[in-house]
Amino acid sequence: MKNFSLPYIPERDQKPREKGLTMMMDKGLSLSEAANFIEANEGLTDIVKFGFGTAFVTNQLEEKIKLYKKHNIRPYFGGTLFEAFYARGMFEDYLRLIDKYDLDLAEISDGSIIIPHDEKCELIHTMAKNTTVLSEVGSKDSGILISPNKWIKMMSNELEAGSWKVIAEGRESGNVGVFRPNGTAHTFLINKIIAKIDPNSILWEAPKKNQQVWFIKLFGANVNLGNIAPNEVIPLECLRIGLRGDTFFESLPTDMATRLKQVNSDEDEEE
């Protein structure tokens, strides 16, 4: 939604979209809080993840799912819940759970447990027959390091197995996976990945503003970003379209941006 006209604003695909996705992380919003979120963010939010295992203890879960779906936001259970079922030998039960709540989106991950990759791809293939699958790559344990070639192989294989998007692990803390312990982007790793994997097929977990800015400057407004807090969806959209200082010059014509930057520089020198 645009309330008024302004030139040099990056074009954003309309929902349902294949790129430029925003995934909000719901860690336990009440039904009324979810309704308030939708009122403010419906057009800006593509998918909602019930973070980790929160779906197990969330009040009025079925009502929340129906509410999101009614407003064209696709909800799904976080990958940790899948892992909890899988670790207990209950994969078929998990499939039935997805059916019970009439979810058309599901996540498969192995960030907390080890699943042989061939087996993980088989699980993706099985689930993708009836559900749109998101599969997460990367460990939640900062002590487990995965080589760039292995990241690429896993992402490629999982997309081939039937994943709609592969999620690049960053956690809600933003300090593992594609990020260094201090929260900055692991530039070498990411550059290696995108040399082989289409960035539009990747959803980057980027809970922190500096991480969102980094990805927007690299890929533009229509980068897929996830683990966004409910109150950060509108601020993220403003980052995407150059209406915050961090990305202000990204979408302006080069000559205009250069001139404005030069004016600022000249004024600083005069002071």
Side-chain angles (χ1 to χ4, degrees), residues 21 23-29 47-58 61-62 64-65 68 74-147 150-151 153-179 201-207 224 226-229:
L21 303 173
M23 177 263 276
M24 184 272 277
M25 189 175 187
D26 181 336
K27 297 193 292 183
L29 296 179
I47 53 182
V48 165
K49 174 172 70 176
F50 294 108
F52 32 97
T54 54
F56 187 73
V57 293
T58 292
L61 176 63
E62 187 171 5
K64 278 180 69 176
I65 288 172
Y68 283 129
R74 302 171 75 183
Y76 69 100
F77 299 142
T80 303
L81 186 64
F82 157 77
E83 293 181 49
F85 272 78
Y86 179 82
R88 291 164 173 79
M90 297 173 61
F91 178 63
E92 295 297 330
D93 297 84
Y94 188 72
L95 296 181
R96 285 190 286 271
L97 183 72
I98 292 170
D99 287 341
K100 174 184 176 181
Y101 287 101
D102 194 26
L103 296 172
D104 71 339
L105 194 60
E107 181 180 337
I108 290 180
S109 69
D110 54 354
S112 298
I113 61 175
I114 296 174
I115 302 175
H117 198 242
D118 288 347
E119 185 173 341
K120 183 182 180 185
C121 288
E122 282 296 320
L123 296 170
I124 292 168
H125 180 72
T126 298
M127 190 176 286
K129 293 175 182 177
N130 299 303
T131 310
T132 301
V133 176
L134 295 163
S135 62
E136 188 174 68
V137 176
S139 174
K140 299 183 186 303
D141 186 342
S142 59
I144 298 177
L145 301 179
I146 303 173
S147 71
K150 191 171 181 180
W151 274 86
K153 182 179 180 181
M154 289 190 295
M155 285 183 164
S156 177
N157 288 348
E158 292 177 24
L159 289 167
E160 187 176 337
S163 291
W164 172 48
K165 307 288 183 189
V166 286
I167 301 173
E169 176 70 75
R171 296 199 75 175
E172 61 175 304
S173 57
N175 60 1
V176 298
V178 292
F179 301 112
S201 295
I202 304 172
L203 191 153
W204 310 92
E205 291 187 340
N224 303 316
N227 282 11
I228 309 302

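Residue numbers count from 1 along this sequence.
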Exercise for the section: Test side-chain contact (heavy atoms from CB on, under 4.5 Å) on Y86 and D110 and set out the steps. Expected result: CA-CA 10 Å; Y86 179 82; D110 54 354; over 6 Å; no
Practice task
Go through I65 and L103 one step at a time and tell me if the side-chain contact (heavy atoms from CB on, under 4.5 Å) criterion holds.
Solution key: CA-CA 8 Å; I65 288 172; L103 296 172; 3.7 Å; yes
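Note: N227 CG to M23 CE = 4.5 Å, rounded to the nearest 0.5 Å. With values rounded to the nearest 0.5 angstrom, S163 atom OG is found 12.0 Å from L203 atom CG. Here the OG1 atom belonging to T58 is positioned 12.5 Å from the NZ atom belonging to K27, to the nearest 0.5 angstrom. Distance CD1/I98 to CG/D93: 11.5 Å, rounded to 0.5 Å. Distance check, rounded to the nearest 0.5 Å: CE of M25 to CZ of F52 gives 5.0 Å. Note: R96 CZ to D99 CG = 9.5 Å, rounded to the nearest 0.5 Å.
Below 30°, between 30° and 60°, or above 60°: for Y101 and F77 the angle between ring planes is above 60°, a perpendicular geometry.
Closest approach of F179 to E205, counting heavy atoms only: CE1-O, 2.9 Å. In terms of heavy-atom proximity, I228 sits nearest to A206 at CD1-O, 3.5 Å. Scanning both residues, I115 and L123, for their nearest heavy atoms gives CG2-CD1, 4.5 Å. When every heavy atom of M127 is checked against every heavy atom of A106, the shortest pair comes out as SD-CB, 3.4 Å. Of all heavy-atom pairs spanning A168 and V178, the tightest one is CB-CG1, 3.9 Å. Listed here is the closest heavy atom pair of F50 and A55: CB-CB, 4.3 Å.
At least one donor-acceptor pair closer than 3.5 Å links the side chain of S147 to the backbone N or O of K150. Of the possible polar contacts, none joining the E107 side chain to the F82 backbone as a donor-acceptor pair under 3.5 Å is found. At least one donor-acceptor pair under 3.5 Å links the side chain of N224 to the backbone N or O of I202. A distance-only check finds no donor-acceptor pair linking the side chain of S109 to the backbone of E136 [under 3.5 Å]. With K64 contributing its side chain and L29 its backbone, the two residues share a donor-acceptor pair below 3.5 Å.
Annotation for E119: atom CD counts as buried by contact number, over 12 foreign heavy atoms lying within 6.0 Å. H117 NE2: more than 12 foreign heavy atoms inside a 6.0 Å radius.
Between L134 and the options I124, I47, I108, V166, a side chain to side chain contact (heavy atoms under 4.5 Å, CB included) holds for only I47. With W164 as reference, L105 is the one residue of L159, L105, T131 to meet the side chain to side chain contact (heavy atoms under 4.5 Å, CB included) rule.
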